[in-house]
Amino acid sequence: GESVGLHLPTLSVQEGDNSIINCAYSNSASDYFIWYKQESGKGPQFIIDIRSNMDKRQGQRVTVLLNKTVKHLSLQIAATQPGDSAVYFCAENMRGGSARQLTFGSGTQLTVLP
Amino acid sequence: NAGVMQNPRHLVRRRGQEARLRCSPMKGHSHVYWYRQLPEEGLKFMVYLQKENIIDESGMPKERFSAEFPKEGPSILRIQQVVRGDSAAYFCASSPGQGSEKLFFGSGTQLSVL
């Protein structure tokens, strides 16, 4: 069935380097995407979102890129810091759906090396 | 603290007992969602509620699980006759209204069934 999936389950980066976390989605009806960060023992924390009428959106140190042609979403973190170590989830919301249709991927564990 | 509040943080039950998980949404939010997370997996939607109404329970197991969001007080996720497979982290999220796609999550309840 249609689902949200991540390319890599783990990612290790050196402190100060940029991180790129990828996500593939297959539901062509999805028009809204969110990245969440989940630290150990905590609930998911909203990072950034993007709608399908955009291909790029920037936040503080984070950028989300959306490629609808290949159904690919990425999260870029600039100058990665130790506090960025966490599991990152992408989530999609189908067109016309409310939040109850938010579907999560399985997550990527980001580890920042000193 | 105006965030989503969940309690208890940790709940241990023996097989056959009942588990009650509580969630108070963010101030001003009238929509509550429950998600379940197994280790190293993404969050799976369970149920979506408004005050005194279940809007979507398509993710709820057919038996032993129920949820409510009364006019007064927190939302309750109830699991009767727990089994080991119910062991998971249960997260509650809230939003201000339908169509508000961004969800704000609590810190979760970790249920362990012995």
Any idea which of B:A93, B:S107, B:S58 has the most non-hydrogen atom pairs under 4.5 angstrom with chain A?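 So the answer, after comparing B:A93, B:S107, B:S58, is B:S107.
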Is it true that, when you exclude [X] itself, more than 12 heavy atoms of the residues, nucleotides or ligands shown sit nearer than 6.0 Å to its [atom1]?
X	atom1	value
B:K27	NZ	no
B:R15	CZ	no
B:Q17	CD	yes

B:F91 vs A:K42 side-chain heavy atoms within contact, under 4.5 Å: no
Gap between atom CD1 of A:I48 and atom NZ of B:K102 - 0.5 Å precision: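 Answer for the NZ-CD1 pair, B:K102 versus A:I48, is 10.0 Å.
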CG-CG distance between B:L103 and A:N93, expressed to the nearest 0.5 angstrom: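 Reported to 0.5 Å precision, the distance equals 8.5 Å.
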When A:F104 is tested against each of B:Y33, B:Y35, B:F45 for ring pair (Phe, Tyr, Trp, His ring centres under 6.0 Å), which residue passes?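 Among B:Y33, B:Y35, B:F45, the one meeting ring pair (Phe, Tyr, Trp, His ring centres under 6.0 Å) with A:F104 is B:Y35.
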Heavy-atom contact with chain B under 4.5 Å, split by part of A:Q38: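 Contact with chain B: side chain only.
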Quick check: B:F105 with A:Y36 (ring centres under 6.0 Å apart)? yes
B:Q6 versus chain A, heavy atoms under 4.5 Å apart: side chain, backbone, both or neither? neither
I'd like to know if [Y] and [X] are part of one continuous hydrophobic network [Ile/Leu/Val/Met/Phe/Trp/Tyr, side-chain heavy atoms within less than 4.5 Å].
X	Y	value
B:M46	B:I55	no
A:Y25	A:M54	yes
B:M5	B:L77	no

